[in-house]
Amino acid sequence: MSSNNPRQSIHDSTAPSTDTRDSRIGEGPDDRFNSKLREAFGASPFILTKFDKFMNWVRGNSMFMLQFGIACCSIEMIHTYAIKHDLDRFGAGVPRASPRQADVMIVPGTIVSKFGPRMKRVYDQMPEPKFVVGMGSCTISGGPFQEGYNVVKGAEEIIPIDIHVPGCPPRPEALIYGVAKLQERIRNGESSPVVVKPYELEQFGDLPKDELVQKLASEIDEDDLVMRYNWADSP
Amino acid sequence: MSTGLEKRATRVEVSEDDLEALLGDRALGRDDHLNAPGFVIRPDDVQDVLTDLRDEAGFDHLSCLTAQEYSDRYESIYHLKKYADPTQEVSVVVPTTTDDPVSQSAEPVFRTADWHEREAFDLVGIDYEGHPDPRRILLPETWQGHPLSKGYDQEKPQIVTLSEHANPIQPDHHDEESDTMFLNIGPHHPATHGVLHVKTVLDGETVVDIDPDIGYLHRCEEQMCQQGTYRHQIMPYPDRWDYVSAGLLNEWAYARAAEDLANIEVPEYAQIIRTMGAELCRIASHMLALGTFALDVYGDFTAVFQYAFRDREVVQDILEDLTGQRLMFNYFRLGGVAWDLPEPRDEFIAKTRDFLDELPAKVDEYNDMITSNEIFQVRCHNTGILEPEVAKQYGCTGPVARGSGIDYDLRRDDPYGYYENLEWDVVTQDGCDNYARVLVRMQEVEESAKIIEQCLDLLEDWPEDDREVQANVPRTLKPDADTEVYRAVEAAKGELGIYIRSDGTDKPGRFKIRSPCFSNLQALEVMSEGEYIPDLVASLGSLDIVLGEVDR
């Protein structure tokens, strides 16, 4: 039943509607390509596409998430992975404990001064291409804790973020929507440009020698990595 | 297990006169709080006075240490209670001068004072003389200034280090016979239940020394509460302390303290709704504890973990019907709750009853899969030992204390809400190990179900014209200046206490949170030192900490 005209969509059962099984049992060539997919592609089993496009499609459909819990949102994130919502259905739900095996990082929670450098480090350890979903109000602006003396006003001060999912915390459905949007963007080959962020990890010796740096000079080694927070400049 | 009324008969009262006689000249004056008599003492009498109060008067529970700065002095308040009867309280107030805020450390008397004093130093800036480890605890080591002291400039820049390679062989733990290895666990690690960093020193597979490094989620909860008005602006924050669905339990802690402070009476009907909601939260919270513990102990992301989350989803649905939110409920109001049960009432009650009807079968399932599993028993039995005396020294409360045989539950011992009028039991286990703590949580789920069932019966039959969900509370609350109160409730993880000092405005002058996890986590060192590293992970899981509450 294969034809030379590609079909736009496939309805009903996905089982091959051809006599493939019979042909396998019987004489003659084994026509293993004779499937619904074959029908969709037409007679020739070749796809012509740009390699980039193909890679983007693959990336979008097999995303490995970083297992990364910070605060309240992580509870809803676990619910998104777990039974009922089951993010895995969308080809994006294998939490990996190591950043080196992950390509998407969901940032679920408030970033405070002590955690900022750690998060930056975890992000840096992920292999390219990598994507970030900011989950909840805290990753957008600091959320309800924005006025806190210790709270970074949004994860975007430190790492680039592709998708923001608002909410405090967002419902699992919202997170799934965010992830689906991210997949769409990845398929289209889009990701947020990596630019210099307000807060970067720097060597202590490279900081301008202001009052604070001179005060801490006896405590911190020149080569130590530090992050300098300018609270006054934050939004 | 013991029943509700047994224990109160054995209370030994210590009158205020006895206390005054006991302290004698050491009491410079009185500074009474709404919940307890307060005695002002000199900063160098701390150990002396606390030892006497503990040994002579039986105040064996240092519940909390509140530090605060007035315009003319610093003050440390030690809130003492008795494990045998937490309604007997005493506050020991230690003022120090602003230019030389040095106070004697209470650490030799109560081990739990170690972390509490570090926190007081970190956030307020009081020095504790004789403290074994006077470092910052919540903020980074390089932080400048003390954020909850007066005149702290929040706009100042700060520098935070990323010390990634701490010396792998620590000289102070290194000796000829055994090579020790230094290992960082966390802050990004699947077994730490959040952003906890445990600095571990190993000898082979045995844990020699651990140092939990917290503060990776210190999001200034106390400052936020001090900036909010009593009536509406504080209530959303408690949900975010213990965010594992224990929202209503936390809200109750604030509600209880603020209602005592402002002298608000809560209608009986609202109390029943509160009690029911709080117990639903406890079930959800214990389910997560169970699921993640199974995940920690046998890496089971499939069966047990998913089962626990399946049941949590049901509870969250019920709570969503009740409060309108899945996780951050913001449902309590001072003087009651936000609204009545959702309409149609019958449907809500039937739905909740369905859940309760199915629960016994589910608990059986858990018992089949978890507690009667031989591998699980081998992993948990006799590991993470926490003797009752040690637990008291560390100020452990909640399921952690009850797993060590300490019969202490504020719902019964310091009654609030509607618990007094209901039939239920306090669960205790004598095992003192990880297994006992898991058992306590599983049985508490059943007890909570009992409470919810009775609440539902009451709500169902409650006369329609008497369903008062909120007392009449003024729009702006301004409690009298310098009224102080410390009140605690039994949250999912233990005793959650709130200290509020009013300064005559509509915002608290000082708001201090006593987090059960903060005290419980401190006991991790005695539970895991000398044991294998997998048992450290199991012990950490059985403590059931939540970092939002540890760091606040």
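Within a 6.0 Å radius of CD in A:Gln214, other residues, nucleotides and ligands contribute more than 12 heavy atoms. Annotation for A:Lys53: atom NZ does not count as buried by contact number, only 12 or fewer foreign heavy atoms lying within 6.0 Å. A:Tyr177 OH: 12 or fewer foreign heavy atoms inside a 6.0 Å radius. Summarising the local packing, CD of A:Glu147 is surrounded by 12 or fewer heavy atoms from other residues, nucleotides or ligands at distances under 6.0 Å.
No part of B:Tyr307 comes within reach of chain A, as not one of its non-hydrogen atoms sits under 4.5 angstrom from that chain. The part of A:Glu219 that comes within reach of chain B is its side chain, from C-beta onward, which places non-hydrogen atoms under 4.5 angstrom from that chain. Residue contact with chain A, scored on non-hydrogen atoms closer than 4.5 Å, is absent for B:Leu196. Both the backbone and the side chain of A:Cys168 come within contact range of chain B, each with at least one heavy atom under 4.5 Å from a heavy atom of that chain. With a threshold of 4.5 angstrom between heavy atoms, A:Ile220 approaches chain B through side-chain atoms but not through N, CA, C or O. Using a 4.5 Å cut-off between heavy atoms, A:Lys215 contacts chain B through its side chain alone, with no backbone atom that close. With a threshold of 4.5 angstrom between heavy atoms, A:Ile111 does not approach chain B through any atom at all. If you measure heavy-atom distances from B:Leu547 to chain A, you find no contacts under 4.5 Å at all.
Between B:Asp551 and A:Lys114, none of the side-chain N atoms (NZ, or NE/NH1/NH2) sits under 4.0 Å from a carboxylate O, so this pair counts as no salt bridge.
Of the inter-residue distances, the one linking A:Ser113 atom OG with B:Leu138 atom CG reads 10.5 Å to the nearest 0.5 angstrom. Taken from CE in A:Met227 to CG in B:Leu162, the straight-line distance is 8.0 Å, to the nearest 0.5 Å. The SG atom of A:Cys138 sits 8.0 Å away from the CZ atom of B:Arg240 when rounded to the nearest 0.5 Å. The structure places OG1 of B:Thr161 at 9.5 Å from CG of A:Leu216, a figure rounded to the nearest 0.5 Å. The line from CG of B:Asp153 to OH of A:Tyr149 is 14.5 Å long, rounded to the nearest 0.5 Å.
In terms of heavy-atom pairs under 4.5 Å with chain A, the best-connected choice from B:His189, B:Gln325, B:Glu320 is B:Glu320. Considering only heavy-atom pairs separated by less than 4.5 Å from chain A, the leading option among B:Arg326, B:Gln316, B:Glu155, B:Met328 is B:Arg326. Taking B:Glu141, B:Gln144, B:His197, B:Lys156 one by one and counting their heavy-atom pairs under 4.5 Å with chain A, the maximum is reached by B:Gln144. The candidate from A:Gly69, A:Ala71, A:Pro117 with the greatest count of non-hydrogen atom pairs under 4.5 Å with chain B is A:Ala71. Of the listed residues (A:Ala82, A:Gly142, A:Ser98, A:Pro95), the one with the most heavy-atom contacts under 4.5 Å to chain B is A:Ala82. Comparing B:Gly548, B:Pro147, B:Pro236 by heavy-atom pairs within less than 4.5 Å of chain A, the highest count is held by B:Pro147.
At least one donor-acceptor pair under 3.5 Å links the side chain of A:Asn150 to the backbone N or O of B:His218. Checking side-chain atoms of B:Tyr237 against main-chain N and O of A:Pro144 turns up a donor-acceptor pair under 3.5 Å. Within the 3.5 Å criterion, the main-chain N or O of A:Ile83 finds a donor-acceptor partner in the side chain of B:Gln306. Remark: side-chain polar atoms of B:Gln158 are not paired, donor with acceptor, to backbone N or O of A:Trp231 under 3.5 angstrom.
Counting all heavy atoms, side chain and backbone alike, A:Ile70 lies closest to B:Tyr243 at O-OH, 3.6 Å. When all heavy atoms of A:Gly148 and B:Met224 are compared, the pair lying nearest together is N-CE, 3.2 Å. Pairing each heavy atom of B:Pro157 with each of A:Leu212, the nearest pair is O-CD2, 3.4 Å. Residues A:Phe115 and B:Val195 come closest through the heavy atom pair CE1-CG1, 3.3 Å. A pairwise comparison of heavy atoms in A:Val151 and B:Cys220 identifies CG2-SG, 4.0 Å as the closest pair. What you find for B:Arg219 and A:Cys72 is that their closest heavy atoms are NH2-SG, 3.2 Å.
Between the side chains of B:Glu313 and A:His85, at least one donor N or O sits under 3.5 Å from an acceptor N or O. A donor atom on one side chain and an acceptor atom on the other are found under 3.5 Å apart for B:Arg312 and A:His79.
Put simply, the side chain of A:Lys84 does not reach to within 4.5 Å of the side chain of B:Arg310, judged on heavy atoms. When side chains are defined from C-beta on, B:Ile159 counts as touching A:Val213, because their heavy atoms get closer than 4.5 Å. Between A:Phe145 and B:Glu221, the closest side-chain pair of non-hydrogen atoms falls below 4.5 Å.
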